[in-house]
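Naming convention: chains lettered A, B, ... in sequence-line order (proteins, then strands); numbering from 1 in each chain.
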Amino acid sequence: MRIVFLGTPEFGVTVLKALLESRHEIIGVITRPDAPSGRGKQLVAPPVKQFAKEQKLKVFQFEKLSRDGVETIQKLNPDLMVTASFGQIISKEILDIPPYGILNVHASILPKFRGASPIQTAIMKGETVTGVTIMKTELGLDTGDIYSIKTTPINPYETAGELSKRLADIGAKLLLETIDEIEYKGLQPQPQSHVQATITKKITKEDVRIRWVKSDNEIKNLIYGANPSPIAYTETEDGTLIKIYEAKLTNLPNTQEPEGTIVAPTSNKKGVFVQCGQGVLQLTKLQFAGGKEMDGASAINGNKLKLGQKFVSAY
RNA sequence: CGCGGGGUAGAGCAGUCCGGAAGCUCGUUGGGCUCAUAACCCAAAGGUCGCGUGGUUCAAAUCCCGCCCCCGCAA
């Protein structure tokens with residue numbers, strides 16, 4: 001089929017790549033405009049654009065697709081369109097263009113975790129299973145009828161980045177299979193159970209501030225769900241910001257210290273062990289402003305953190 | 001020209017303001033103690049102090065000039 005692909009970040013690249021290696025023809029790629037990013041506010045192209053350019057595909061960027069892109073898509077005249085974390089709403093006018101409609105690759109088991117951050121949210125909520133859904137793109141937010149679902153377990157110490165990569169691979173494969181079924185076997189989509197739907201919002205800086213009153217396991221899930229972006233953090237009482245990349249559950253008994261305190265481990269091993277609302281969590285990879293990521297022992301060795309020191313825990 | 005921090009031994013840091021013998025906590029190697037150890041004791045190796053083979057000086061990690069690299073915030 002002649003396909004127009006719409007996507008923006010790395011997740012989309014994986015899906016686009018799979019389509020490119022398939023029997024289908026990618027007649028156009030639509031992505032969001034370059035945005036100023038990083039130090040110095042340089043314009044950076046979205047990953048999908050970078051990849052598509054390398055592959056010599058036709059790339060179109062629209063500030064607002066529904067407003068500016070209708071004519072372009074009409075001219076391309078695709079059989080099918082595919083979205084994978086595109087990040088923009090698609091108007092009815094565009095939805096009606098391709099005869100096979102628009103398929104969306106969503107990284108959750110719909111109707112659970114609709115919205116912007118299904119992968120991160122699944123980890124933060126301590127889910128043990130997640131998956132990918134191939135569904136019809138509609139006017140609503142991830143409300144379209146479902147064609148197919150594939151599930152996968154979430155590993156205990158899996159980061160959102162790792163999970164995202166796995167789900168992208170799974171999603172890409174499932175998408176191709178689903179297109180085949182639709183085209184050759186006339187697969188029909190099934191409506192979602194809207195009453196059971198849950199929505200995930202964009203993860204904010206405030207969401208990933210560690211609240212030490214929570215349990216060690218909840219905090220661990222927050223840390224892994226926020227990795228590699230935006231990264232969970234805490235701060236010392238003098239206002240030093242510390243990013244936490246990785247942590248380990250310890251099984252150490254609770255101490256008498258208030259939550260957020262760096263406590264002594266049972267062994268003489270060095271490390272950053274923090275008393276949580278319930279349980280003691282070991283911070284194994286952290287980063288201070290201006291520095292690179294380091295392990296817990298290094299933070300202690302360099303006197304960056306000391307035994308008995310407290311992280312701010314009340315907000 | 002968005003704001004800011006940093007580059008000193010394998011790791012994390014101090015020393016830089018007020019130039020004058022390269023240090024700290026670990027790690028590594030060897031030895032000792034021990035039933036044993038990631039614990040403890042003793043010893044050793046390991047650094048052109050980011051680069052210029054730049055400038056000032058009797059003397060530069062430290063002051064001045066230029067360049068490279070890393071990172072936090074904000075977006």
Please confirm whether Lys125(A) makes a cation-pi placement over Phe113(A), using NZ or CZ under 6.0 Å from the six-membered ring centre and within 45° of the ring normal. no

Looking only at atom types and distance, does a side-chain atom of Gln287(A) sit under 3.5 Å from a main-chain N or O of Gly291(A), one as donor and one as acceptor? yes

Please state how far atom CG in Asn303(A) lies from atom C1' in C26(B), giving the value in whole angstrom units. 11 Å

Looking at every strand, decide which applies to Lys306(A) at a 4.0 Å heavy-atom threshold: base, sugar-phosphate, or nothing. nothing

Distance in angstrom units between Leu286(A) CG and C71(B) P, rounded: 16 Å

What distance do Ser313(A) atom OG and Glu235(A) atom CD have between them, rounded to the nearest 0.5 Å? 11.0 Å

Across all chains, not counting sequence neighbours, the ring-ring contact (aromatic ring centres under 6.0 Å, His included) partners of Tyr100(A) are none

With C1' as the reference atom in both, quote the distance from G2(B) to G55(B) in angstrom, rounded to an integer. 33 Å

Rounded distance in Å between the P positions of C71(B) and C26(B): 29 Å

In whole Å, I'd like the distance from the CG atom of Asp295(A) to the C1' atom of G10(B). 12 Å

Nearest of C13(B), C71(B), G72(B) to any side-chain atom of Lys292(A)? C71(B)

Expected list for residues 303-312 of chain A: side-chain donor-acceptor pairs under 3.5 angstrom, two or more places apart:
residue, atom, partner, partner atom, Å
Gln309(A), OE1, Lys306(A), N, 2.9

Main chain of Met1(A), side chain of His24(A): is a donor-acceptor contact present, judged purely on distance under 3.5 Å? yes

Where the side chain of Ser298(A) is defined as all heavy atoms beyond and including C-beta, which of G12(B), A75(B), G72(B) is the nearest nucleotide? G12(B)

Spacing between Lys304(A) atom NZ and A14(B) atom C1', to the nearest angstrom: 12 Å

Spacing of Met294(A) atom CE relative to C71(B) atom P, expressed in whole Å: 13 Å

In whole angstroms, the gap separating C1' of G5(B) from CG of Leu241(A) amounts to 13 Å

Measure the distance from CG on Leu307(A) to C1' on C26(B) and round it to the nearest whole Å. 16 Å

Mind listing the N/O atom pairs, protein and nucleotides 2-4 of chain B, below 3.5 Å?
residue, atom, partner, partner atom, Å
G2(B), N7, Gly40(A), N, 3.3

Sort out the partner of C17(B) for me: Watson-Crick or G-U wobble, both distances under 3.5 Å, none otherwise. none

Same-atom distance (P) from G46(B) to C65(B), integer angstrom: 36 Å

For atom C1', what is the distance between C13(B) and G5(B), given to the nearest Å? 15 Å

Each residue besides Val44(A) in its hydrophobic cluster should be listed here, by chain and number; the cluster joins Ile, Leu, Val, Met, Phe, Trp and Tyr at side-chain heavy-atom distances under 4.5 Å. none

Partner of G66(B) under the Watson-Crick or G-U wobble criteria, both distances under 3.5 Å, comes out as C51(B)

Using the P atoms only, state how far G10(B) lies from U29(B), rounded to an integer number of Å. 15 Å

Looking only at atom P, what distance separates A39(B) and G30(B), rounded to whole Å? 16 Å

Is C40(B) paired to anything, Watson-Crick or G-U wobble with both distances less than 3.5 Å, and if yes, which nucleotide? G32(B)

Which residues pass the ring-ring contact (aromatic ring centres under 6.0 Å, His included) test with Phe5(A), sequence neighbours left out? none

Pair assignment for A11(B), Watson-Crick or G-U wobble, requiring both distances under 3.5 Å: U25(B)

Here the distance between atom P of C26(B) and atom CG of Leu305(A), to the nearest Å, is 16 Å

In whole Å, measure the gap between the P atoms of C69(B) and G47(B) for me. 27 Å

Of the listed G72(B), A75(B), C13(B), the closest approach to the Ser37(A) side chain comes from A75(B)

Under 3.5 Å donor-acceptor pairs involving side-chain atoms of residues 64-82 of chain A, not counting sequence neighbours:
residue, atom, partner, partner atom, Å
Ser66(A), OG, Ile89(A), O, 3.1
Ser66(A), OG, Ser91(A), N, 3.3
Asp79(A), OD2, Arg2(A), N, 2.8

Which value, in whole Å, describes the distance between the P atoms of nucleotides U16(B) and C63(B)? 9 Å

